[in-house]
Amino acid sequence: MKILLLNQCFYPDVMATAQQLTDLAVGLTAEGHSVTVIASDRGYDDPTRRFPRRETWKGIQIIRISSATLGKQARWRRAANFASFLVNCALRLLMSPRFDVVVALTSPPLISFLGALFVRLKGGKFFFWVMDLNPDEAIAAGWLKPDSRSARILARLLRYSLLHAQAIIALDHFMKDRIVAKEVPQELVTVLSPWAHNDAVSFDQKGREEFRRQHKLEESFVVMYAGNHSPCHPLDTLVEAARRLSDREGIVFCFVGGGSEQRKVVEFAALHNLKNIRCLPYQPFDKLAASLSAADLHVVVMGNEFVGIVHPSKLYNILTIGSPFLYIGPEESPIAEIAAQVASNGKTRASAYAARHGDVENVVKDILEAVEQRPNRELGQLPEIAIPFSKQTLLPRMIALFESRIALENQVSNKSETASYISAAR
């Protein structure tokens, strides 16, 4: 099949959606499909990083398009960046041939609408891989009023994408419920969580030591938040815990990644003169195992209002590393469910702690407990719960979903054509 993938982020970008989509593209190509990707020619978190406008990589045809680079300091700037990418993407699609399958993700918001419309105009089948839901996310973050004209228009565009999809991939059952609540047939929605990159990411003792030595963390207990610093994952409780533990020698909080909220972490540390907070940029993918292995306790955060809207995919690589983790977020969420499974499974050597937003006292207590447990913990033991989230398990299921839906549609079409032929012959 000829397959088109649409998303702002793709190889060699290191954003989570880029990594997931790159895996899918490589997997589809390995199965003999012809894959084309339309993505941005700039890094998502670092727009000064430029990529070739056209490239063939591992048999994948990559077309990269330009967009405005006004920064992310203000919402209007982000909106202008997204809008310019969408306009250029629409123009590129107008000049593109028909594809058998079009798969759209959600970066920038509502690129899925372009994918659905492209299929409607030129043919093929549309699949919607929902990494986050907008305008739901913008409303939950307070960027849009629920009853505003903009919110209503964006909601209609989202619903168009959902109703014109051959299949919708949701990341968890909370997200599926939210999609079905938009009057989308339940049978259209399949739940497939993000996968761990366990073919490239596993506990790396040598990399751990090198990363800790490079950043002068050799003797420290490292609490790490790694990934996108987004308003969807509020860090207030964690940084306040860092402030309370600032006089506790040997505990360092590492914030690795990027996003609009990382600047707030830097400002908080400066305001309170905190020496126990380090902020580092996104790490190259080939250094991901080393950086994740360097932590003694990972932190996964989900905002109270964002359950069913976003899904912190960082957890699955953390599980693969075998590191203990602290979850800060609402009691009911996909991350809370996994944390409960890890905590209740006596067979696993991994540990999971959980606290609510604002409960700084419990976060501090959990961190100190993890510090005490470190001498008794053997790092790098893959917990059994990580296996169902491996790339080897989930990627073939996604490819099979595409292939089976197309095969079923072709069977229905062939039967219809045969029936029409017989009727005409009579």
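As a basis for the values below, the full set of heavy atoms in this structure was taken, side chains included, without hydrogen atoms, waters or symmetry mates. Quick caveat: nothing in here was measured; it's all calculated off a predicted structure.
Distance alone, capped at 3.5 Å, places no donor-acceptor pair between the K125 side chain and the A165 backbone. Judged by distance alone, with hydrogens and angles left aside, the side-chain atoms of N276 form no donor-acceptor pair with the main-chain N or O of V252 at under 3.5 Å. Of the possible polar contacts, one joining the D296 side chain to the V222 backbone as a donor-acceptor pair under 3.5 Å is found. T320 places a side-chain N or O within 3.5 Å of a backbone atom of Y316 that can act as its donor or acceptor partner. Not one N or O on the side chain of R64 forms a donor-acceptor pair closer than 3.5 Å with the backbone of R42. Put simply, the side chain of R212 never gets that close to the backbone of A295: no donor and acceptor are under 3.5 Å apart. Side chain of D100 to main chain of K2: a donor-acceptor pair is present (N/O by atom type, distance under 3.5 Å, no hydrogens or angles). The main-chain N or O of P281 is found under 3.5 Å from a side-chain atom of Q283 such that the two form a donor-acceptor pair. Under the 3.5 Å distance criterion, the side-chain polar atoms of Q19 are matched with a main-chain donor or acceptor of V14. Listed for the D172 side chain is a donor-acceptor partner under 3.5 Å among the backbone atoms of M175.
Here the side chains of F253 and I251 are in contact, with some heavy-atom distance below 4.5 Å. Put simply, the side chain of P12 reaches to within 4.5 Å of the side chain of R49, judged on heavy atoms. Side-chain contact check for L5 versus I60: every heavy-atom pair is 4.5 Å or farther apart. The shortest distance between side-chain heavy atoms of F268 and R243 falls below 4.5 Å. In this structure the side chain of W143 reaches within 4.5 angstrom of the side chain of P231, judged on heavy atoms. Between D45 and N228 the shortest side-chain heavy-atom distance does not fall below 4.5 Å. Between F99 and V102 the shortest side-chain heavy-atom distance falls below 4.5 Å. A heavy-atom distance below 4.5 Å is found between the side chains of L158 and L162.
In this structure, S313 OG and F389 CZ are separated by 12.5 Å, a value rounded to the nearest 0.5 Å. Distance check: S161 OG to L117 CG gives 9.0 Å after rounding to the nearest 0.5 Å. Atom CZ of R208 is separated from atom OG of S323 by 8.5 Å, given to the nearest 0.5 angstrom. Distance OG/S112 to CE/M131: 12.5 Å, rounded to 0.5 Å. F211 CZ to L292 CG: the interatomic distance, rounded to the nearest 0.5 Å, is 9.0 Å. In this structure, OG on S96 lies 10.5 Å from CG on L91, to the nearest 0.5 angstrom.
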Residue pair Y11, W57: steps toward the ring-ring contact (aromatic ring centres under 6.0 Å, His included) verdict: CA-CA 9 Å; Y11 165 88; W57 176 76; 3.7 Å; yes

Side chain to side chain contact (heavy atoms under 4.5 Å, CB included) assessment of L93 paired with L6: CA-CA 10 Å; L93 288 172; L6 297 174; 4.2 Å; yes

K264 and E261: CA distance, side-chain angles, deciding distance, salt bridge (charged side-chain N to carboxylate O under 4.0 Å, His left out) verdict: CA-CA 5 Å; K264 294 182 180 179; E261 301 301 293; 3.1 Å; yes

V130/I169 under side chain to side chain contact (heavy atoms under 4.5 Å, CB included): CA gap, chis, key distance, verdict: CA-CA 6 Å; V130 184; I169 299 96; over 6 Å; no

Verdict with supporting geometry, L297 and M224, side chain to side chain contact (heavy atoms under 4.5 Å, CB included): CA-CA 6 Å; L297 178 69; M224 181 179 290; over 6 Å; no

Derivation and outcome, side chain to side chain contact (heavy atoms under 4.5 Å, CB included), residues D132 and F306: CA-CA 9 Å; D132 50 50; F306 296 92; over 6 Å; no

Residue pair F127, F402: steps toward the ring-ring contact (aromatic ring centres under 6.0 Å, His included) verdict: CA-CA 8 Å; F127 291 82; F402 299 148; 4.8 Å; yes

Steps toward salt bridge (charged side-chain N to carboxylate O under 4.0 Å, His left out) verdict (D136, K182): CA-CA 11 Å; D136 303 50; K182 299 180 186 295; 2.9 Å; yes

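For the side-chain contact (heavy atoms from CB on, under 4.5 Å) with F255, the qualifying choice from L238, V299, V266 is L238, the only one to do so.
In this pair, H197 and F285 present their aromatic rings perpendicular. The plane angle is above 60°, beyond the 30 to 60° band. Ring geometry, Y225 versus H229: the interplanar angle exceeds 60°, so the pair is classed perpendicular (tilted spans 30 to 60°).
Across every non-hydrogen atom of T237 and G358, the tightest pair is OG1-N, 2.8 Å. Shown here for N304 and H357, the closest heavy-atom pair between the two residues is OD1-CD2, 3.3 Å. Nearest heavy atom pair, residue S66 against residue N88, reads O-ND2, 2.8 Å. The two residues C9 and L21 come nearest to each other via the heavy atoms O-CD2, 4.1 Å. Between K314 and G227, the closest heavy-atom pair is CE-CA, 4.2 Å. Here the shortest heavy-atom pairing between I38 and C89 reads CG2-SG, 4.2 Å.
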Quick one: side chains of residues 24-36, donor-acceptor pairs under 3.5 Å with protein atoms, not counting sequence neighbours, listed by atom name and distance.
residue	atom	partner	partner atom	Å
T29	OG1	A25	O	2.8
H33	ND1	M1	N	3.2
H33	NE2	E403	OE2	2.7

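The list of ring pair (Phe, Tyr, Trp, His ring centres under 6.0 Å) pairs with a residue in residues 161-184, not counting sequence neighbours, reads Y160-H164.
A donor-acceptor contact closer than 3.5 angstrom is absent between the side chains of Q8 and S40. In the model, N198 has a side-chain atom that pairs as donor or acceptor with a side-chain atom of Q392 under 3.5 Å. With 3.5 Å as the limit, one finds a donor-acceptor pair spanning the side chains of Q205 and E209. With hydrogens and angles left out, the side-chain atoms of Q20 and D23 include no donor and acceptor closer than 3.5 Å.
With a 6.0 Å radius and a threshold of 12 heavy atoms from other residues, nucleotides or ligands, R244 has its CZ atom above the threshold. Other residues, nucleotides and ligands place more than 12 heavy atoms under 6.0 Å from the CD atom of E218.
Ion pairing between a basic and an acidic side chain is recognised when a charged N comes within 4.0 Å of a carboxylate O; D204 and K287 show no such pairing.
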